[in-house]
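See below for the structure under consideration.
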Amino acid sequence: MSIDDTRQQFDDLVTWATGTLQADEVLLASLRGENSDFVRFNHAVVRQAGSVQQRSLTIDLISGRNHAEGTVTLTGHGATDQARVAALLDDLRAQRAVLPEDPYLLFATDGIDSERSVAGELPAAADAVDAVATGATGNDFVGIYAAGSTFEAFGSSMGQRNWFDATTFNLDWSLHLQGDKATKNAYAGTGWDEQAFRSKLEWSVRELAALGRVPKNLPPGGYRAYLTPAAMQELMGMLSWGGFGLRAHETRQTPLLRMVTEGASFAPDVSIVEDIAGGVAPDFQRAGFRRPDTVQLITRGAFDSHLVSPRSAQEYGVATNGAEDYEYPLAIAMSPGSLPSDRLLDALGTGLYIGNLWYLNFSDRTACRTTGMTRFGTFWVDEGEIVAPIEVLRFDDSAFNLLGDRLEGLTDTAETILDSSTYEHRSMESLRLPGALVSEMMFTL
Amino acid sequence: MTDLETRLDDRLRRVLPTDADYASARHVVEKRTTLGVRNGVVEPPAASHDEGVMFTVWRNGGLGYGATSDLTDAGLAAAVDRASDWAQATSGRSVVDQTPLLHTVGDYETPVVESFDSMGLVDQIAMLTNADAAMNVDERIVDRGAAIIRYDVETLLVTNAGGRVAQRIRQVFPDLHATANVGSNTQTRTYGRAAFGGQGGLEVMAEHGFADAPVRIGEEAVALLDAPNCPTGIMDLILAPDQMVLQIHESIGHPLELDRILGDERNYAGTSFVTPDMFGSYQYGSELLNVTFDPTVAGEVASYGYDDDGTPARRTYLIENGILQRPMGGTISQVRAGLEGVANSRASSWNRPPIDRMANLNVEPGDSTVDDLIAGVEHGVLMETNVSWSIDDSRNKFQFGCELGRMIENGEITGIVRNPNYRGISSTFWRNLTGVADDFTTMGTPNCGKGEPNQVIRVGHAAPHCRFSAVQVFGGVA
C-alpha cells in the first residue's frame, strides 16, 4: 500500500471513529507504522533477510478529565480496522467508567495541522543485498541493512491532522579482524549511491589495517583522549536519560542534579539543543502538541530549558514543549567548537583516539558519573601518530569532568548520526555532534 | 481447538508454499496491560492488542521472512510472496544452506492458580493506591509509584509439513519505586526493578511478598540518605537474588549465547570470550557453580514448551560443578557450530525472526544457609537490587551497581551503605564463588535487548544468595 493510501485510510478511520463518539467524548488517535526490509549479515553472507509491514493505532478516549488509552494493530483494510477500533472504543469506555479523574490530563484543543514527507529513492531489496554482499566480499563484514518507509500521524475528533513519513535506508556495519578488533561505520540516507557506499567501505578497510598491529594493553589510570562523534553519541545518550526532562529534575533523579542543587556547569564551549527542525523526527506528539523547531537545553555550559511533556506541564504548572511522556530528546545537537577536524591527531598528541564507546551506565547517577567500555576503532596515539589498537578499557568518570574543566575543545565540524535502532520499529531519532578532546579520562579496568 | 483457532490454522496453512524446503507461519497475539499509581495519582491505564504473523520460507538454500499485521487473505498472501522473494534473493548467500527445522506438534499453557482478571479494575487500582501510599513514609520521599504490567501472549506456529505448536504465556511484572532526596543526595529503592515477575496470575504477587514490600522500600530509600558511602577495597561480596539476576544474565547468559559465539552479534550486542573449544572442559566457575537452562520451571518468567522454531524445551545443565558443558543455541546455530545446544530460538514478537536468547537461566541452589554465608565473611558487603550494569562486548570486564549494601564485619551485618558498586572479569569472577545458599528465588527481567533488527525479550532467572571472594568494591562520589 502506498504512503498516500495509508494517509487517506488513517484520515478516514479517524473521521469514522469520530462519528461514533458519544456525548462529550474526545478522541486522540496516533498512527505508527512502517514497510521495512531488514537484511542481516555475518561473515559477508546473509544471516536473516525479510520484510516487516506493520501499523498500529493508539487511541486516548476522553470524557471530561476521565480517559483511557489503548492500542490495536491495523490491517489497512477499512471494514476490518473499523471493527477493531469499535471494539477498542467499547473497552476504553468500560475502563473509563471506573477510573478516577486524571488531574494531569492535557491535550491540544487548538492544534495546527501539519505534514512532512522525507522522500527517498531506495534500491530494490535484492539489489541492495547484491551491492552489500558483493562489496563486502573478502572482508569479515557484519551488520544490518534496514530500509523502507516509516510513518507517524496524529488525528483528533476536533479535526486536527498531522502527518509524517520518511523513506530512508540505514546500513550499519563493522569489519572484523580477530576477536574484538573491529572497525565500525554506517551509510544512511534517502538515496543509495553505490560510489558513496564503496568509499565508506574502503575507509573501513583502511582503518582495519591499522588494527592489525599488536594491541597495546594499557593499565588503569588517567589518559588524554579524543572522543569521536560516535563515542560522544554514547555520552549524549546517558545525559539524555533524565538529563533534560522536567519530571526527572523535579523528582531529583536527573544525572544533572548538581546543576540544579549546586550550580555545577559544563565548560562554556558546551551548548546543547533539541533540534527538531534539523532532525528527522516528527514535529508533533501523541497529545496533539507541536514541537518547537528548537529547545535550548544547555547554553554555554549552564542548564537552560527542560523538555516538558503535557503530563509534566500539568503536574508542575508550566507550558509543554511537545515532549513525549518519557521526555527524551529526539534530535539532540551539540554546537561545534574550534578544534580543526583535520588536525585531530596533532591536537591529541599522545593519548587515546576513542572511536566508539559501549554499554554505558551510571556508576553514581546523581554525580553524573558514568562507566562504560571502549569498543570499535580505538587506538593509542603517540606524538600525533596512530601506534596501535588497544585492548578494551573500562572508563568511570563524570560528564562534569569530561565536558567540564577537562574539556580542551570540540571539533569545528559536527557529524549527523541517524539512529540505527530498530527496537519494535525503525527509529527516527538523530544526533548532530562534534568530537571532543579531553585532557584526562579515568579508566579503571 | 476453538472454531476461531481452527479457522486461523486453516487460513495460515492454505497460503504456505508446499514446494518450499520448509515454510512456516508464526501467528502472535500479545495483549499487554499497564496500570500504575504515582504519587497518589492513577496514571492513565494502557492496553495494547498487538497481532500479526511472520511467514518463513526456505528454498534452494535461501531463507526469507515476511511479516505483516494485515491478516486479510490478501495480506497473508502478499507476506508469503515477500518471504519467497527473500529466499530467492539470498539463495547461495546464506549462513546455512539447508533447513534443520522440525515439524513439531504440541502445545503449552501457563498454569494459572488465580486469574488476574478475577480482580476487577477498581480493586487493582485500590491495591496499587495502597502500595503507593505505604511508601510515603517520610517527607523526604520525593517520588514514588506502584505498577503492574501484564502480558498474555498466544502463539501459533504451523509448518508446511503438518507441524503445529500452540502456546499461551501469561506473565505478571509488579513494580514499586520510592525515591528520597536531600540536596544532591538522591536514593531510590525498588521492588527489584521489575525482577520479581513471573508466569501465572495473582499468585505471582503473593509469591514475592508484594503486599509487605512498600513500607520497607520507602523506609530503606530514606535510610540510604543517611548511610555512608560504600567503602572501597578488595573484600568478600554476597549478592542477593535480585542482583544475582543481573550477574547471571550478563556474565553467564550472554557469553553462552551461541549466535554471539558464531559472530552474528558482533556489530551490535557483541561477541563472547567463550569459544567453541571450551565446551566440555573449561573451568567457568568454582565447583559450587551449577547453571541450568530450564524452561520447565513452573511460574518462572520464560517457561515454555517449545521455542519459536518448534524445538521441544527441556532442562539442561550448561555448567556443572564449574565446568562449561554446552552453549545456548537453537537448532540453526547448533548446525552451524556443530555443537549441541538447547531450545532457545526465540522472537520478541511476530515482527522479528527468532534468534538465540536466554529463557530461564538459573543458578542451582547449594546447601548453605544465607546466615552461613554471612557468618563466613570477616570483612565484606552484601548487595541488593541491581541499579547499574555495564560489561564489555566480549562479556568479560563488567561493572555493576546496586541500590543498597549491607556491611558485614566478623560474620555479622553491621549497617547499610549507599551507592555500592563492584567490578570484575567474568572469566575469573565465578571461580571465586565460595558459597551458594539453599534459597532459590525465581525472578527475571522484562528487558533483555539484542539482535539486528533489535528485539526486547523477557527472560527468567532463579538464584540463591551467592558469596564471592576478593572482589573489587567501591562506592559513589563523596
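First the proteins, then the strands, lettered A, B, ... as listed; each starts at 1. Everything numeric in this text was worked out from a predicted model, so none of it was measured.
With a 4.5 Å cut-off on non-hydrogen atoms, A:A125 touches chain B through its backbone and its side chain both. Only the side chain of B:N181 comes within contact range of chain A, with at least one heavy atom under 4.5 Å from a heavy atom of that chain. Looking at B:F55, there are no atoms closer than 4.5 Å to chain A (heavy atoms on both sides), in backbone or side chain. The contact between B:A46 and chain A is made by backbone and side chain atoms together, counting heavy-atom distances below 4.5 Å. Looking at B:Q455, the atoms closer than 4.5 Å to chain A (heavy atoms on both sides) all sit in the backbone: N, CA, C or O. Interface remark: B:T179 contributes side-chain atoms only to the contact with chain A (heavy atom separation under 4.5 Å). Of the two parts of B:T90, only the side chain, counted from C-beta on, holds a non-hydrogen atom closer than 4.5 Å to a non-hydrogen atom of chain A. Residue B:L63 touches chain A through both its backbone and its side chain, counting heavy-atom pairs closer than 4.5 Å. Both the backbone and the side chain of B:L71 come within less than 4.5 Å of a heavy atom in chain A. Using a 4.5 Å cut-off between heavy atoms, B:E265 contacts chain A through both its backbone and its side chain. Within the 4.5 angstrom heavy-atom criterion, atoms from both the backbone and the side chain of B:T68 approach chain A. Heavy atoms of B:V41 lying under 4.5 Å from chain A belong exclusively to its side chain. There is no contact between B:D85 and chain A, counting heavy-atom distances below 4.5 Å. In this structure, chain B has no heavy atom under 4.5 Å from any part of A:V260. For A:S421, the parts sitting under 4.5 Å from any heavy atom of chain B are the backbone and the side chain alike. Both the backbone and the side chain of A:A49 come within contact range of chain B, with heavy atoms under 4.5 Å apart.
Heavy-atom neighbours of A:E262 CD from other residues, nucleotides or ligands within 6.0 Å: above the threshold of 12.
Ranking A:L105, A:D172, A:V129 against chain B, the residue ahead of the rest is A:D172, based on heavy-atom pairs under 4.5 Å. Across B:V42, B:V96, B:T188, B:I391, the residue that shares the most heavy-atom pairs under 4.5 angstrom with chain A is B:I391. When A:R40, A:R252, A:Q253, A:R247 are compared by the number of non-hydrogen pairs under 4.5 Å with chain B, A:R40 comes out ahead. Among A:L74, A:D60, A:N66, A:L88, the residue with the largest count of heavy-atom pairs under 4.5 Å with chain B is A:L74. When each of A:R311, A:R426, A:H425 is checked for heavy-atom pairs under 4.5 Å with chain B, A:R311 comes out on top. No other option in A:I144, A:V45, A:D127, A:L175 has as many heavy-atom pairs under 4.5 Å with chain B as A:I144. Taking A:T374, A:D37, A:D81, A:D91 one by one and counting their heavy-atom pairs under 4.5 Å with chain B, the maximum is reached by A:D37.
No option in B:N185, B:T186, B:N419 other than B:T186 meets the side-chain contact (heavy atoms from CB on, under 4.5 Å) test with A:T366.
To the nearest 0.5 Å, atoms OG (A:S420) and CG (B:N454) are separated by 7.0 Å. B:D393 CG to A:R375 CZ: the interatomic distance, rounded to the nearest 0.5 Å, is 4.0 Å. Between B:F400 atom CZ and A:T371 atom OG1 the span is 10.5 Å, to the nearest 0.5 Å. Between the NE2 atom of A:H77 and the CG atom of B:D73 there is a distance of 9.5 Å, given to the nearest 0.5 Å. How far CG of A:D180 is from OG of B:S272: 11.5 Å, rounded to the nearest 0.5 Å. Of the inter-residue distances, the one linking A:T75 atom OG1 with B:E51 atom CD reads 10.0 Å to the nearest 0.5 angstrom.
A cation-pi contact, defined as under 6.0 Å to the ring centre and within 45° of the axis, links B:R352 to A:F38.
Contact detail for B:S390 and A:G372: the closest heavy-atom pair is OG-CA, 3.7 Å. Annotation for A:R55 and B:S69: closest pair N-OG, 3.4 Å, computed over non-hydrogen atoms. Contact record, B:S184 with A:R258: OG-CG, 4.2 Å, taken as the closest heavy-atom pair. Residue B:G424 comes nearest to A:L445 through the heavy atom pair O-CD2, 3.5 Å, listed as atom of the first residue, atom of the second, then distance.
Side-chain N/O atoms of B:D70 and A:Q53 include no donor and acceptor closer than 3.5 Å. Inspection of the B:E250 and A:Y359 side chains reveals an N or O donor paired with an N or O acceptor under 3.5 Å. Remark: the A:R365 side chain and the B:S388 side chain contain no N/O donor-acceptor pair separated by less than 3.5 Å. Residues A:S363 and B:N421 bring no donor and acceptor atom of their side chains to less than 3.5 Å of each other.
Under the 3.5 Å distance criterion, the side-chain polar atoms of A:D364 are left unmatched by any main-chain donor or acceptor of B:G476. Of the possible donor and acceptor atoms, one in the side chain of B:K397 sits under 3.5 Å from a partner among the backbone N and O of A:V392. The main-chain N or O of B:N267 is found under 3.5 Å from a side-chain atom of A:K184 such that the two form a donor-acceptor pair.
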Kindly indicate, with the supporting measurements, whether the criterion side-chain contact (heavy atoms from CB on, under 4.5 Å) is fulfilled by B:L121 and A:Q95. CA-CA 8 Å; B:L121 183 57; A:Q95 285 184 44; 4.1 Å; yes
Steps toward salt bridge (Lys or Arg N to Asp or Glu O under 4.0 Å) verdict (B:R423, A:D396): CA-CA 11 Å; B:R423 59 174 75 102; A:D396 195 342; 3.5 Å; yes
Any chance you could lay out the salt bridge (Lys or Arg N to Asp or Glu O under 4.0 Å) test for B:R93 and A:D130, step after step, and finish with the verdict? CA-CA 10 Å; B:R93 283 183 165 146; A:D130 193 55; 2.5 Å; yes
Verify side-chain contact (heavy atoms from CB on, under 4.5 Å) between A:V46 and B:W86, making sure each step is shown before the conclusion. CA-CA 11 Å; A:V46 176; B:W86 278 113; over 6 Å; no
A:Q54 vs B:W350, side-chain contact (heavy atoms from CB on, under 4.5 Å): CA-CA, chis, key distance, verdict: CA-CA 10 Å; A:Q54 59 180 340; B:W350 59 269; 3.4 Å; yes
Given the rule in the side-chain contact (heavy atoms from CB on, under 4.5 Å) test, do B:E43 and A:E69 qualify, once you have shown the distances and angles that lead to the verdict? CA-CA 11 Å; B:E43 304 254 79; A:E69 184 181 292; over 6 Å; no
Is there a salt bridge (Lys or Arg N to Asp or Glu O under 4.0 Å) between A:E315 and B:R38 once you walk through the steps? CA-CA 12 Å; A:E315 182 172 0; B:R38 175 175 167 263; 2.9 Å; yes
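Counting only heavy atoms from C-beta outward, the side chains of B:V95 and A:Q48 never approach each other to under 4.5 Å. Under the 4.5 Å side-chain criterion, counting only non-hydrogen atoms from C-beta, B:Y65 is in contact with A:V52.
B:F273 is linked by a ring pair (Phe, Tyr, Trp, His ring centres under 6.0 Å) to B:Y284, counting only residues two or more places apart in sequence or in another chain. For B:R266, the side-chain contact (heavy atoms from CB on, under 4.5 Å) partners two or more places apart in sequence, or in a different chain, are A:N42, A:H43, A:D140, A:V142, A:H176, B:T271.
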